[in-house]
Amino acid sequence: MRPTIARLSDMPGPKVYNLWWGDKSGGTQRGIVQYTISPYQTKAAPHWLKSYVFNGYRRISGEILFFGIPMVLGYGVYTWAKRHDEYQNSKAGHIASGEHH
């Protein structure tokens with residue numbers, strides 16, 4: 001292999017400080033610090049249900065005016081329109097409007 005091809009290849013040479021990904025043939029690298037937490041100190045989700053219930057209630061109660069009132073008004077319009085449509089398509093509705101089938 002010619003030296004120019006090795007120089008232009010993807011693998012770094014032996015004089016590179018950071019070796020290729022996953023290559024552990026070099027010595028230990030300096031200046032890299034790793035921190036870990038003891039498994040006895042970690043809790044995946046401590047008291048998540050209790051905090052979710054109380055915090056969720058607090059957040060939803062603060063937003064109820066923004067989605068509760070439009071939902072109630074929309075449901076009221078829907079039920080009124082449904083009853084009105086049923087009445088207009090009934091026999092009594094046809095007689096009241098003066099139309100005959």
Side-chain angles (χ1 to χ4, degrees):
M1 176 186 257
R2 293 183 306 185
T4 56
I5 294 175
R7 186 174 54 85
L8 298 174
S9 69
D10 288 342
M11 288 292 288
K15 294 183 180 183
V16 176
Y17 182 71
N18 291 330
L19 300 175
W20 191 250
W21 178 262
D23 186 15
K24 296 183 181 185
S25 63
T28 58
Q29 293 183 353
R30 293 178 288 161
I32 297 176
V33 180
Q34 292 181 345
Y35 297 98
T36 59
I37 299 175
S38 168
Y40 300 107
Q41 295 292 324
T42 61
K43 292 182 181 177
H47 312 294
W48 66 271
L49 184 61
K50 182 181 77 167
S51 63
Y52 175 75
V53 169
F54 290 114
N55 191 34
Y57 174 74
R58 180 188 61 81
R59 291 176 65 186
I60 289 174
S61 65
E63 300 289 328
I64 193 75
L65 295 175
F66 296 107
F67 71 88
I69 293 173
M71 277 181 82
V72 169
L73 287 174
Y75 183 73
V77 168
Y78 171 75
T79 55
W80 171 83
K82 195 161 175 98
R83 277 186 298 166
H84 187 67
D85 184 55
E86 287 175 3
Y87 171 74
Q88 282 183 334
N89 290 326
S90 68
K91 188 174 183 179
H94 285 291
I95 292 171
S97 66
E99 297 178 13
H100 296 288
H101 270 288

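Met71 and Phe66 end up in different hydrophobic clusters when Ile, Leu, Val, Met, Phe, Trp and Tyr side chains are linked at under 4.5 Å. Cluster annotation: Ile69 and Ile64 are assigned to the same hydrophobic cluster (Ile/Leu/Val/Met/Phe/Trp/Tyr, side-chain heavy-atom contacts under 4.5 Å, transitive). Following chains of ILVMFWY side-chain contacts shorter than 4.5 Å, one cannot reach Val72 starting from Leu65, and the two form parts of different hydrophobic clusters.
Within 6.0 Å of OH on Tyr75 lie no more than 12 heavy atoms contributed by other residues, nucleotides or ligands. The neighbour count for Ile37 CD1, taken as heavy atoms of other residues, nucleotides or ligands under 6.0 Å away, does not exceed 12.
Nearest heavy atoms, Tyr87 versus Ala92: OH-O, 3.9 Å. Looking at every heavy atom in both residues, Gln88 comes nearest to His94 through O-NE2, 3.7 Å.
Using modelled atom types, no side-chain atom of Asn55 and backbone atom of Ser51 make a donor-acceptor pair closer than 3.5 Å.
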